[in-house]
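Here is the naming used below: chain letters follow the sequence lines, and residue numbers restart at 1 for every chain.
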Amino acid sequence: MKRVYCGNVALEHEQKTVRLCGWVHRLRDLGGVTFLHLRDRSGLIQVVCDPKKVPEADEIHAEDVIEIKGKVSARPSDQVDERLHTGKVEVAAEKLTVLNRACNLPFSVEREELLPAEEMRLRYRYLDLRRPEMTAYMGLRHRMMHLGRNYLAEAGYWEIETPILARSTPEGARDFLVPSRQLKGKFYALPQSPQLYKQILMVSGMDRYFQWARCLRDEDLRADRQLEHTQIDIEASFADEKEIQTLVEGLFAVWSKELNGEEIKTPFPPMTYADAIERFGSDKPDIRNPLEIRTVTEKFTKSEFRIFAQVVEQGGTVRSLTLPDGARLSRKELDTIAEEVKPFGFPGVAWVKKTDGLLSGPLSKFTEGTDLKEGNLELCLGGKDAKNLNQAMGRLRDVCGKRLDLVDEADMAALWVTDFPMFELDEDSGRIVPAHHIFTSPRDEDLEYLEKDPLKVRGRLFDIVLNGWELGSGSVRCHDTELQKKLLKIAGLNPAHFDFFLKALEAGAPPHAGIGMGFDRIVAIYAGLDSIRDTIAFPKTTSGQGLMEGQPSGVEESQLNELGIKVRKIQEDHR
RNA sequence: GGAGCCGUAGUUCAGCUUGGUUAGAACGCUAGCCUGUCACGCUAGAGGUCGCGAGUUCAACUCUCGUCGGCUCCGCCA
């Protein structure tokens with residue numbers, strides 16, 4: 001008898017006998033009759049057991065694995081369960097086979113409202129993934145992967161795999177190293193991204209490539225960062241910015257349509273990096289939030305408001321955020337908002353509001369002639385460190401947008417952030433470092449500054465930003481060997497380390513462009529999640545540990561000997 | 001590397017502010033009853049190194065310090 005998925009049982013099966021396999025989700029033993037919800041990947045179905053016919057029903061427990069053969073019937077109209085997808089029907093068990101018993105479990109799979117601590121969920125991930133919510137995220141991820149693959153393949157892109165054991169190169173994040181047994185003292189590196197491989201594939205004439213690529217970076221974790229994450233990696237020969245952007249927009253259009261039945265607005269609007277920082281205080285603005293930041297330094301050049309006047313004297317800037325209808329926020333609420341800028345070193349926020357035609361607040365005496373409208377509130381911060389000030393203003397904008405309910409969470413708003421600088425100054429070392437991606441082609445019109453003033457050079461870079469998440473970074477690559485060498489040198493990197501790549505460029509490299517996008521983040525957005533951990537079957541904790549398997553772990557002395565490795569000191573707690 | 005929040009039955013939490021009886025609740029679990037439940041109901045019961053270590057104190061779940069673990073953020077992540 002063919003198996004039917006629990007979630008697929010419907011009125012069409014009425015009076016038919018079906019075979020169901022799954023886990024006992026919830027049991028209601030009424031003595032003379034037992035009801036249970038049977039669960040599999042597809043959903044839940046109610047099974048009715050008469051213990052006289054199926055005595056096994058008295059012996060089952062939550063999460064036992066069972067097989068049911070039984071007849072489908074429509075539920076009486078007063079017993080339809082609206083919350084259940086299969087709530088109109090039920091299955092009367094004729095045979096119940098226990099395929100496997102479940103031990104007493106550390107937490108309950110069936111109680112959505114009693115979500116165990118994330119530590120528990122990670123330790124017993126197989127149970128956590130059984131929760132219908134998590135099962136759905138895995139299903140969503142699969143579907144997005146499948147849709148994406150088909151879309152890219154149809155667009156003429158070939159899926160090509162690149163090595164997991166790669167060469168360590170000095171740029172970028174910290175490498176994960178894998179010791180070589182055959183060549184003791186030498187190491188492979190796990191790839192931070194397939195960047196150089198995919199460019200070399202273009203040199204090889206593969207024309208268009210894509211890959212769902214694992215990227216590994218030994219850096220500290222966050223809600224949106226894992227040691228290993230999955231990138232949709234794309235590269236195309238003889239392509240420019242427009243071609244890559246259009247391709248990506250089409251990909252998101254497919255997802256939005258197939259998953260949400262909605263059109264996503266394309267093309268995604270472009271915004272320069274400078275504009276993003278000036279108006280939103282961030283290079284990854286959530287443009288669903290209509291609030292914009294302004295620079296109001298000139299208002300405080302000779303101001304009586306000492307703090308800001310001092311800032312201006314020292315060459316700093318003052319920036320403001322106007323909140324429509326913000327005057328209704330209480331002092332307490334303003335204090336809560338002000339807390340948000342303390343991590344950036346600001347003791348508080350200066351503000352002024354207009355109610356009943358009157359200005360009030362700490363700034364009210366110093367903002368005469370202001371264009372502040374009735375009911376509005378203006379928040380101001382001043383500082384010397386522009387980057388820090390922007391970050392704080394960006395945070396204020398986010399917090400206020402949420403507090404005033406200005407952001408429609410169901411909305412999707414994507415944009416391209418362009419014209420990033422190629423280089424920036426590292427504050428600590430005073431050295432010039434790559435701002436984004438050193439294999440990017442500089443803009444033609446900025447080439448003249450390359451030697452004189454490299455900080456002025458903009459790259460042909462474009463970041464995709466969706467709902468305030470940076471999803472990925474694309475660029476038109478540098479396919480000129482000499483220029484690439486120059487870029488590496490300016491960034492303080494030794495071209496010798498990239499010899500294999502530079503040689504490949506010399507061998508007839510086509511102009512090419514591409515992008516890499518964080519797939520976990522994209523899934524998180526479509527799933528409405530704040531953390532990418534719930535989109536990954538087996539994620540790591542913020543300290544980089546796998547709690548279920550217990551990793552990283554110690555290894556046998558013999559394994560180390562084989563690799564020619566001696567561990568100097570072992571912290572006892574990490575065994 | 002730094003800051004913050006959290007850690008108490010199997011699970012989710014209360015108790016800690018102001019140190020002092022036997023550390024409670026809900027769910028789960030065990031046993032029994034129950035023929036239309038769907039958070040089934042009813043009765044009874046078991047279950048705790050209060051993360052770990054040190055200190056203060058006559059006395060620590062409670063106060064202090066350290067440590068381990070989880071989460072959030074800064075640094076870091078081209």
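Between A:Phe344 atom CZ and B:G4 atom C1' the separation is 14 Å, expressed in whole Å. For the pair A:Asp128 CG and B:C71 P, the computed distance is 13 Å after rounding to whole Å. Spacing between atom CG of A:Leu105 and atom P of B:G28 amounts to 14 Å, rounded to whole angstrom units. For the pair A:Glu118 CD and B:C5 C1', the interatomic distance rounds to 15 Å; values are reported in whole Å. Rounded to whole angstrom, the span from the CE atom of A:Met548 across to the C1' atom of B:G69 amounts to 18 Å. For A:Leu27 and B:G41, the CG to P distance is 13 Å, given to the nearest whole Å. Remark: P of B:G70 and CZ of A:Arg125 are 14 Å apart, rounded to the nearest angstrom. For the pair A:Asp175 CG and B:C77 C1', the computed distance is 13 Å after rounding to whole Å.
Of the listed nucleotides (B:C27, B:U72, B:G36), B:G36 has the atom at the smallest distance from the side chain of A:Gln46. The side chain of A:Met120 lies closest to B:U11 when the candidates are B:U37, B:C74, B:U11. Among B:U37, B:C27, B:G70, the nucleotide with an atom closest to any side-chain atom of A:Leu547 is B:G70. Here the nucleotide nearest the side chain of A:His61, chosen from B:C34, B:C76, B:U30, is B:U30. For A:Arg28, the side-chain atoms get nearest to B:C38 when compared with the rest of B:C77, B:G70, B:C38. The nucleotide whose nearest atom lies closest to any side-chain atom of A:Leu30 is, among B:C74, B:G36, B:G70, B:G36. Among B:G70, B:C77, B:C74, the nucleotide with an atom closest to any side-chain atom of A:Arg222 is B:C74.
Look at A:Ser108 and you won't find any side-chain N or O under 4.0 angstrom from OP1 or OP2 of B:U11. Contact between the side-chain N/O atoms of A:Arg26 and the OP1/OP2 oxygens of B:C40 is found at a separation under 4.0 Å. OP1 or OP2 of B:C71 has at least one side-chain nitrogen or oxygen of A:Thr542 nearer than 4.0 Å. One finds a side-chain N or O of A:Gln545 lying less than 4.0 angstrom from the OP1 or OP2 phosphate oxygen of B:G69. Taking 4.0 angstrom as the limit, A:Ser543 places a side-chain polar atom (N or O) nearer than this to OP1 or OP2 of B:G70.
Using the Watson-Crick or G-U wobble rule with both distances under 3.5 Å, B:U49 pairs with nothing in any strand shown. Partner assigned to B:A26 is B:U11, using Watson-Crick or G-U wobble distances below 3.5 angstrom. Both distances falling under 3.5 Å, in either a Watson-Crick or a G-U wobble arrangement, place B:A54 opposite B:U64. Pairing partner, B:U37: none, since no Watson-Crick or wobble contact has both distances short of 3.5 Å. Nucleotide B:C16 forms a pair with no other nucleotide shown, judged by Watson-Crick or G-U wobble geometry with both contacts under 3.5 Å. Remark: B:A31 base-pairs with B:U43; criterion is Watson-Crick or G-U wobble with both hydrogen-bond distances under 3.5 Å.
Within the model, atoms CG of A:Leu196 and CG of A:Leu505 stand 9.0 Å from one another, a figure rounded to the nearest 0.5 Å.
Mapping A:Ser193 and A:Gln391 onto RNA chain B via the closest heavy atom, the residue that lands nearer the 5' end is A:Gln391. Between A:Ala117 and A:Asp29, the residue anchored nearer the 5' end of RNA chain B, judged by the nucleotide with its closest heavy atom, is A:Ala117.
Only the C1' atoms considered, B:G70 is 43 Å distant from B:C34, to the nearest whole Å. Taking the P atoms as reference points, B:C38 lies 29 Å from B:A46, given to the whole Å. Across B:U22 and B:A9, the matching C1' atoms stand 16 Å from one another, rounded to whole Å. The separation of B:A26 from B:U8, taken at their C1' atoms, amounts to 15 Å, rounded to a whole angstrom. Between B:G48 and B:U43, the two P atoms lie 24 Å apart (nearest whole Å). Remark: the separation of the C1' atoms in B:C68 and B:G75 is 23 Å, to the nearest Å. Look at the P atom in both B:C16 and B:U64: the space between them is 15 Å, to the nearest Å. A distance of about 28 Å separates the P atoms of B:C77 and B:C5, rounded to the whole Å.
Residue contacts shown for A:Arg123 are absent, as no nucleic acid heavy atom lies under 4.0 Å away. Counting non-hydrogen atoms under 4.0 angstrom, A:Ala62 reaches nothing in the nucleic acid. Counting non-hydrogen atoms under 4.0 angstrom, A:Arg395 reaches the backbone sugars and phosphates but no base. Looking at heavy-atom distances under 4.0 Å, A:Glu110 makes no contact with the nucleic acid at all. As judged by a 4.0 angstrom heavy-atom cut-off over every strand, A:Leu115 is placed among residues touching the sugar-phosphate backbone only. A:Gly172 comes within contact range of the sugar-phosphate backbone alone, with a heavy-atom separation under 4.0 Å but no base atom that close. Residue-level contact check: A:Glu470 touches neither bases nor backbone, having no heavy atom under 4.0 Å from any strand.
Residue A:Phe107 and nucleotide B:U11 are not classified as a stacked aromatic pair, given the requirement of ring centres less than 5.5 Å apart at an interplanar angle below 30°.
Using a distance-only test at 3.5 Å, with no hydrogens or angles considered, a donor-acceptor pair links the side chain of A:Asn388 to the main chain of A:Phe344. Judged purely by atom type and a 3.5 angstrom limit, A:Arg397 uses its side chain to pair as donor or acceptor with the backbone of A:Leu291. Remark: the backbone N or O of A:Leu471 is not paired with any side-chain donor or acceptor of A:Arg521 at under 3.5 angstrom. For the pair A:Arg121 (side chain) and A:Pro116 (backbone), a donor-acceptor distance under 3.5 Å is absent. A donor-acceptor pair under 3.5 Å links the side-chain atoms of A:Asp446 to the main chain of A:Arg458, judged by distance alone.
A donor atom on one side chain and an acceptor atom on the other are found under 3.5 Å apart for A:Gln195 and A:His437. The closest side-chain donor-acceptor pair between A:Arg477 and A:Ser475 falls under 3.5 angstrom. No side-chain donor-acceptor contact under 3.5 Å links A:Gln231 and A:Ser193.
Residues from residues 68-81 of chain A placing a heavy atom under 4.0 Å of any atom in RNA chain B, listed by number, are A:Arg75, A:Gln79, A:Asp81.
Taking the six-membered ring where tryptophan is involved, the planes of A:Phe420 and A:Tyr273 are tilted, since the angle between them lies from 30° to 60°.
Salt bridge present: A:Glu119 and A:Arg123 bring a charged side-chain N and a carboxylate O closer than 4.0 Å. Ion pair A:Arg125/A:Glu549 not flagged as a salt bridge, since none of the NZ, NE, NH1 or NH2 atoms sits closer than 4.0 Å to an Asp/Glu carboxylate oxygen.
Counting atom types as modelled, A:Asp220 pairs a side-chain N or O with a base atom of B:G75 as donor and acceptor under 3.5 Å. On a pure distance criterion of 3.5 Å, no polar donor-acceptor pair joins the side chain of A:Glu219 and the base of B:G75. A:Arg225 contributes a side-chain N or O that forms a donor-acceptor pair with the base of B:C76 under 3.5 Å.
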